[in-house]
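To start, the structure itself, in structure tokens.
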Amino acid sequence: MGAGWALALPTNGTYDEGEHIIRAYGVATGQIYASHGEQDVPRSLLPPNRGCTLVNRASAGCQTAPPADHTRVPMKTGAAGYSPLYYLPVGIPMVISPGYGGIIVGRLISALMSALVLGAAVGIAVWLRNRLLVAGLVLVATPMLMNLSGAINPNGLEISAGALLWCALLALLRPDPDNLPSETGTHRLIWIAGVGSALLMTIRHMGPLLLLISLLGAVVMARPGRVRALARRRDMWWAAGILFVLGLLAVAWILTSGVTDVTPVAAYARPYGFLQTARLILIERFPFYLQQVVGQFSYGETSLPSWVITGWYLPIAALVLPALLFAGRRFRLAMLGIFCACLAILVVLEFSFIHTAGWAAQSRYVMPTGVGLVLAAAFVHRWRAALGPVPTERMVQMAVLVTIPLQWWALATVMTRFQIGSSGLIDPFRGGSWRPVGGPLPALTTEVVGSVTLGVLAWRLTRSSERSDRTVKSAYLDSTAVPSTH
């Protein structure tokens, strides 16, 4: 699904991609620390007017073809201080082919990395035979996440890492009361959680804060005794020690790379006072946050219709709201705390930069932690027990049937926008001044194949036979596990 977006977008076709392309090439050529916020890149890598599509929602045909000149010149990038870990694999194809072809291959590598991480999260759901978790992962794989995964932007991999981390943490801390993980299963989950934590902490500079919120939220949600049981394990302390060292390196990078330096942009600055800023956050920015979680594309000027946004949130509400009713007080407090922490980050960013760079917060920044609000609902045992096997199957099927057509609509909307510009008719097959490589069919076919495959797998996983459930359960449980009394 991410590959469909990778083939469909023009250069700089999503948030800050041009900045990340410059950074990726720089890292792949050894420019780890960027001098004065610049990286030396070939002239052939980017169109000289890559931002022209933002003027009156113009078609990508407005972009001037970059010169066939591989001479390196310094280019400014707002991503100059970002951690190099994500950028090395996606930047190597641009070194080999410094042009749109190299960018496409880099995007495909980015999509593959996100797919591997999300696939591991689905693997946990299958292993646990947690059908609601399958539905939750289908729902958090929003068009926004697929768009970011299929672009040169570390945010997609960061959100995917957050989903993996939450699945592993919840499996460790909120197992079914009468089915505790086996020794081997617990060991594997600890190291999977460690991988998710390491990725989340090191990909972007907000990672350490988001990781801390996720860990605290998961601990508060934990079933009684689970934290103490895990704290007695040697492998848990090994994983914690490694994460501590990686955390020190992440903090050292943040302090020395200049990643927190934000250049004032006078054109975007707003002279609002405190009360006016607060009012606008409530009536304008908050709806934007909710919409971007599902899909607010390009640089925010390409929106999905309200019925698409509502259609995506309805199955989320069907999964989460009953879970809150069935859950205990600590679980509800943890969910409220996670939501408030994510919102607080966005509000602080708005107030911090409104007078220098304008509106700065975007909900995609907190999605690595925010996905836990959806995934945690699948670990409320009383909700799953009250729902029963057949309605649980229907829940997953509803998630699949609702979201897959919306995925197609989102991609078709963005393709039409870049091929034709402002247009009331969504039709990516219409002629325009710009077309993806090979035309619209490869991108759309890739997206359809990916989304249908996901839907079929999710559907089949929820219709497993009782015998299959017993087989997986016997492999998952420790033969000496003592049923919990909680």
Side-chain angles (χ1 to χ4, degrees), residues 5-29 31 34 36-67 69-84 86-95 97-111 144 147-158 204 259 261-263 265 267-268 296-302 357-358 360 362 364-365 414 417-418 434 436-437:
W5 285 93
L7 299 174
L9 297 175
T11 303
N12 199 42
T14 195
Y15 295 98
D16 306 320
E17 189 185 40
E19 314 289 318
H20 295 299
I21 288 171
I22 295 171
R23 177 61 173 156
Y25 183 93
V27 169
T29 53
Q31 303 172 61
H36 307 294
E38 295 179 340
Q39 310 263 233
D40 293 332
V41 302
R43 297 179 187 272
S44 61
L45 188 60
L46 290 168
N49 62 335
R50 63 180 185 269
C52 68
T53 57
L54 304 180
V55 181
N56 298 323
R57 289 170 47 90
S59 160
C62 70
Q63 293 181 344
T64 304
D69 181 1
H70 294 177
T71 303
R72 293 187 189 179
V73 296
M75 290 189 185
K76 286 278 188 182
T77 171
Y82 281 36
S83 168
Y86 164 82
Y87 295 102
L88 178 60
V90 301
I92 290 175
M94 302 178 207
V95 177
S97 177
Y100 187 56
I103 292 171
I104 292 290
V105 177
R107 287 174 176 173
L108 293 173
I109 292 174
S110 179
M144 188 76 257
N147 171 276
L148 293 168
S149 298
I152 306 297
N153 191 317
N155 200 187
L157 181 58
E158 182 189 32
R204 294 180 75 248
V259 68
D261 298 337
V262 178
T263 304
V265 183
Y268 297 150
Q296 186 88 16
F297 301 104
S298 184
Y299 278 66
E301 83 286 353
T302 304
Q362 300 185 46
R364 61 188 178 91
Y365 297 161
V414 178
R417 178 259 181 272
F418 281 119
W434 182 84
V437 174

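In what follows, every heavy atom counts, from backbone to side chain, and hydrogens, waters and symmetry copies are set aside.
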- Out of His20, Arg72, Gln39, which one pairs with Tyr25 under the side-chain hydrogen bond (donor to acceptor under 3.5 Å, both in side chains) rule? Arg72
- Query: Could you state the interatomic distance from CG (Leu108) to CD1 (Ile103), rounded to the nearest 0.5 Å?
  - Reply: 12.0 Å
- Task: Only counting residues at least two apart or in another chain, list the ones meeting salt bridge (Lys or Arg N to Asp or Glu O under 4.0 Å) with Arg107.
- Result: Glu17
- Mind checking the CG-OH spacing from Leu46 to Tyr100? Nearest 0.5 Å is all I need. 12.0 Å
- Heavy-atom closest contact (Ile152 atom, Ala24 atom, distance): CG2-CB, 4.3 Å
- Task: Could you list the residues that satisfy side-chain hydrogen bond (donor to acceptor under 3.5 Å, both in side chains) with Asn153, not counting sequence neighbours?
- Result: none
- Side chain to side chain, Cys62 and Thr53, heavy atoms closer than 4.5 Å: yes
- Hey, does Gln362 have a side-chain heavy atom less than 4.5 Å from the side chain of Tyr15? yes
- Task: Determine whether Val41 and Gln31 make a side-chain contact, defined as any pair of heavy atoms from C-beta on separated by less than 4.5 Å.
- Result: no
- Item | With sequence neighbours excluded, residues passing side-chain hydrogen bond (donor to acceptor under 3.5 Å, both in side chains) with Gln296 | Gln291, Ser303
- Message: Measuring from atom OG of Ser44 to atom NE2 of His70, what distance do you get when rounded to the nearest 0.5 angstrom?
- Response: 3.5 Å
- Minimal non-hydrogen separation, Ala111 against Gly150, with atom names: CB-CA, 4.3 Å
- Message: Between Leu7 and Pro436, is there a side-chain heavy-atom distance shorter than 4.5 Å?
- Response: no
- Message: Can a donor-acceptor pair be found, under 3.5 Å and without considering hydrogens, that links the side chain of Ser97 to the backbone of Met94?
- Response: no
- Can you measure from CG (Asn49) to CG (Leu54) and round to the nearest 0.5 angstrom? 11.0 Å
- Message: Within the 4.5 Å heavy-atom criterion, are Ser298 and Phe418 side-chain neighbours or not?
- Response: yes
- Message: Regarding Arg43 and Asp69, does a basic nitrogen lie under 4.0 Å from an acidic carboxylate oxygen?
- Response: yes
- Message: Using a 3.5 Å distance criterion without hydrogens, assess whether the side chain of Lys76 forms a donor-acceptor pair with backbone atoms of Glu19.
- Response: no
- Item | Main-chain N/O of Glu301 paired with Arg57 side-chain donor or acceptor, under 3.5 Å | yes
- Item | Any residue meeting side-chain hydrogen bond (donor to acceptor under 3.5 Å, both in side chains) with Arg204, in chain and number order, not counting sequence neighbours | Glu158
- Please examine the side chains of Pro93 and Ile109, heavy atoms only from C-beta on, and report whether any two atoms are closer than 4.5 Å. yes
- Message: Determine whether Leu45 and Met75 satisfy the following criterion, side chain to side chain contact (heavy atoms under 4.5 Å, CB included), listing intermediate values before the conclusion.
- Response: CA-CA 11 Å; Leu45 188 60; Met75 290 189 185; 5.9 Å; no
- Task: Tell me, please, which residues at least two apart from Tyr86 pass ring-ring contact (aromatic ring centres under 6.0 Å, His included).
- Result: none
- Query: How close do Ser149 and Ser110 get, heavy atom to heavy atom, and via which atoms?
  - Reply: O-OG, 3.1 Å
- Side-chain contact test, heavy atoms from C-beta onward, threshold under 4.5 Å: evaluate it for Leu9 versus Asn147 and give yes or no. yes
- Partner residues of Tyr299 under the side-chain hydrogen bond (donor to acceptor under 3.5 Å, both in side chains) criterion, sequence neighbours left out: Asn12
- Between Ala80 and Arg23 the two heavy atoms that sit nearest each other are O-CZ, 3.3 Å
- Query: Closest approach of Trp434 and Ala8, non-hydrogen atoms and distance?
  - Reply: CH2-O, 3.4 Å
- Message: To check you understand the geometry: which heavy-atom pair defines the closest contact between Ala28 and Gly91, and what is its length?
- Response: CB-C, 3.5 Å
- Task: Would you mind telling me which of Asp16, Thr14, Leu148 makes a side-chain contact (heavy atoms from CB on, under 4.5 Å) with Asn155?
- Result: Leu148
- Expected output: side-chain Arg50 to main-chain Thr64 donor-acceptor under 3.5 Å: no
